[in-house]
Amino acid sequence: MMGVIVTNPPKADLKDVDALARYGVATVSEAMGRTGLLGPAVRPVQLGVRVAGTAVTVIGWPGDNLMIHAAVEQCGEGDLLVVTTTSPCTDGLFGELFATALQQRGVRGVVTNTGIRDTQELRDMGFAAWSRAVSSQGTVKATGGSVNVPIAIDGQVIRPGDVILADDDGVVVVPRERARETIDRSEAREAKEAATRAAFVEGQLGLDRYGLRETLKRLGVEYRTYEEYEGEQP
């Protein structure tokens, strides 16, 4: 449904959001069965930053940022703005002025399937941003859209109130009902990886720890000395 601004949607508990922020995007996606990732084209404009927040969703028209202005009013502490358009757009729909208004409302960052500008200013003010493009191309404010409705980016459905986690590796969406479960699974995965890391420090090989020698054998992969290999070549 286009042309609607939904107020007060259900949201994930901020305690769960903050708990998920302890884990990286890769860990959380793996904990959910390798799901939830936005595509690799949505990249951060800064480095070394990880944020998690509850999604305030926006769908507008390409080259038009009217609905971002409407969304600012719906944003509050702990939120993260998520923007897409009805068709592909790389224009700079979001910049420093939006970030200033959102930062005053306690918003933790923005993820957009469009373009972003004023990237140096965003880094200087510490406002985290992920976008598909960086572009100085300006926009108009002329066409209606929607705020706080389900949207899709790179095949991932994002509903208002879902958890958005973003870092240098990309962006992942966690359905709000799965937040607690995903925290537990992420904690277990990190504990497992810590044990594996310690084993690798001691010199153990992944081939042995993961039982991959049998996998190689089953796939018909054989070991040959250099002399044997050279002697078998035509």
Tracing side-chain contacts under 4.5 Å among Ile, Leu, Val, Met, Phe, Trp and Tyr outward from Leu14 reaches Val17, Leu20, Tyr23, Val25, Val28, Met32, Leu37, Val163, Leu165, Val172, Val174, Ile183
Between CG on residue Asp91 and CZ on residue Arg117, distance to nearest 0.5 Å: 9.5 Å
Spell out, yes or no, whether Ile158 and Val51 are grouped together once hydrophobic residues are joined by side-chain heavy atoms under 4.5 Å, including indirect joins. yes
Report yes if some heavy atom in the side chain of Val173 is under 4.5 Å from a heavy atom in the side chain of Val82; otherwise report no. no
Using 30° and 60° as the class boundaries, would you call the ring planes of Phe94 and Phe127 parallel, tilted or perpendicular? parallel
Point-to-point distance, once rounded to the nearest 0.5 Å, from CZ of Arg105 to OG1 of Thr100: 13.5 Å
The reported gap from CG in Asp118 to CD in Glu96 (rounded to nearest 0.5 angstrom) is 5.5 Å
Do Val6 and Leu80 belong to the same hydrophobic cluster, where Ile, Leu, Val, Met, Phe, Trp and Tyr are linked whenever their side-chain heavy atoms lie under 4.5 Å apart, directly or via other members? yes
List the steps, then state whether side chain to side chain contact (heavy atoms under 4.5 Å, CB included) holds for Ile5 with Met67. CA-CA 9 Å; Ile5 298 172; Met67 298 314 295; 4.1 Å; yes
Under a 4.5 Å cut-off applied to non-hydrogen side-chain atoms, are Thr196 and Tyr210 in contact? yes
For Ala129 and Ile116, which heavy atoms make the closest approach, and how far apart are they? CB-CD1, 3.5 Å
Donor-acceptor contact present, side-chain Asp167 to main-chain Val49, <3.5 Å: no
Please say whether more than 12 non-hydrogen atoms of neighbouring residues, nucleotides or ligands are located less than 6.0 Å from OH in Tyr229. no
With sequence neighbours excluded, what pairs up with Glu227 under the side-chain contact (heavy atoms from CB on, under 4.5 Å) test? Thr225
Which heavy-atom pair separates Gly170 from Trp130 by the least distance, and what is that distance? O-NE1, 4.1 Å
Hydrophobic cluster membership, Ile59 vs Leu81, 4.5 Å side-chain cutoff: no
Stepwise side chain to side chain contact (heavy atoms under 4.5 Å, CB included) check, Phe98 with Val107: CA-CA 11 Å; Phe98 274 135; Val107 175; over 6 Å; no
Transitively linked via ILVMFWY side-chain contacts under 4.5 Å: Leu97 with Ile68? no
Pick one: which of Val56, Ile164, Leu102 meets side-chain contact (heavy atoms from CB on, under 4.5 Å) with Asp79? Val56
Trace of the side-chain hydrogen bond (donor to acceptor under 3.5 Å, both in side chains) decision for Asp64 with Thr139: CA-CA 5 Å; Asp64 191 315; Thr139 59; over 6 Å; no
CZ on Arg43 to CG on Asp168, rounded to 0.5 Å: 7.5 Å
Does Ile151 reach the side chain of Asn113, with side-chain heavy atoms less than 4.5 Å apart? no
Is it the case that more than 12 heavy atoms not belonging to Lys217 sit under 6.0 Å from its NZ atom? no
Locate the shortest heavy-atom distance separating Arg189 from Ala31; write the atom from each residue and the value. CD-N, 4.3 Å
Are the side chain of Asp16 and the backbone of Asp13 linked by a donor-acceptor contact shorter than 3.5 Å? no
Looking only at atom types and distance, does a side-chain atom of Ser146 sit under 3.5 Å from a main-chain N or O of Gly3, one as donor and one as acceptor? yes
Taking atom CD of Gln204 as the centre, report whether more than 12 heavy atoms of other residues, nucleotides or ligands fall under 6.0 Å from it. yes
Taking all atoms of both residues into account, what is the closest heavy-atom pair of Thr54 and Gly161, and its distance? CG2-O, 4.0 Å
State the CG-CG distance between Leu205 and Leu212, to the nearest 0.5 angstrom. 10.5 Å
In one Ile/Leu/Val/Met/Phe/Trp/Tyr side-chain cluster, 4.5 Å: Val149, Leu38: yes
List the atom of Val157, the atom of Pro150, and the distance in Å for their closest heavy-atom pair. CG1-CB, 4.5 Å
Looking only at atom types and distance, does a side-chain atom of Gln103 sit under 3.5 Å from a main-chain N or O of Met125, one as donor and one as acceptor? yes
Verify side chain to side chain contact (heavy atoms under 4.5 Å, CB included) between Thr7 and Asn148, making sure each step is shown before the conclusion. CA-CA 7 Å; Thr7 61; Asn148 276 336; over 6 Å; no
Quick one: list whatever passes side-chain contact (heavy atoms from CB on, under 4.5 Å) with Arg123, sequence neighbours left out. Val45, Gln46, Thr119, Gln120
Using modelled atom types and a 3.5 Å cut-off, is there a donor and acceptor pairing between side-chain atoms of Trp61 and backbone atoms of Gly144? yes
Does Arg132 form a side chain to side chain contact (heavy atoms under 4.5 Å, CB included) with Thr112? I'd like the steps, not just the answer. CA-CA 7 Å; Arg132 187 168 298 274; Thr112 176; over 6 Å; no
More than 12 non-hydrogen atoms from neighbouring residues, nucleotides or ligands closer than 6.0 Å to CZ on Arg185, yes or no? no
To the closest 0.5 Å, what do you measure between CZ (Arg50) and CG (Asp169)? 8.5 Å
Give a yes or no on whether a salt bridge exists between Arg218 and Glu214, defined as a side-chain N under 4.0 angstrom from a carboxylate O. no
So which atom in Pro62 and which in Ser87 form the shortest heavy-atom distance, rounded to 0.1 Å? CG-OG, 3.3 Å
Quick check against the 3.5 Å criterion: does Arg176 have a side-chain atom that pairs as donor or acceptor with the backbone of Pro160? yes
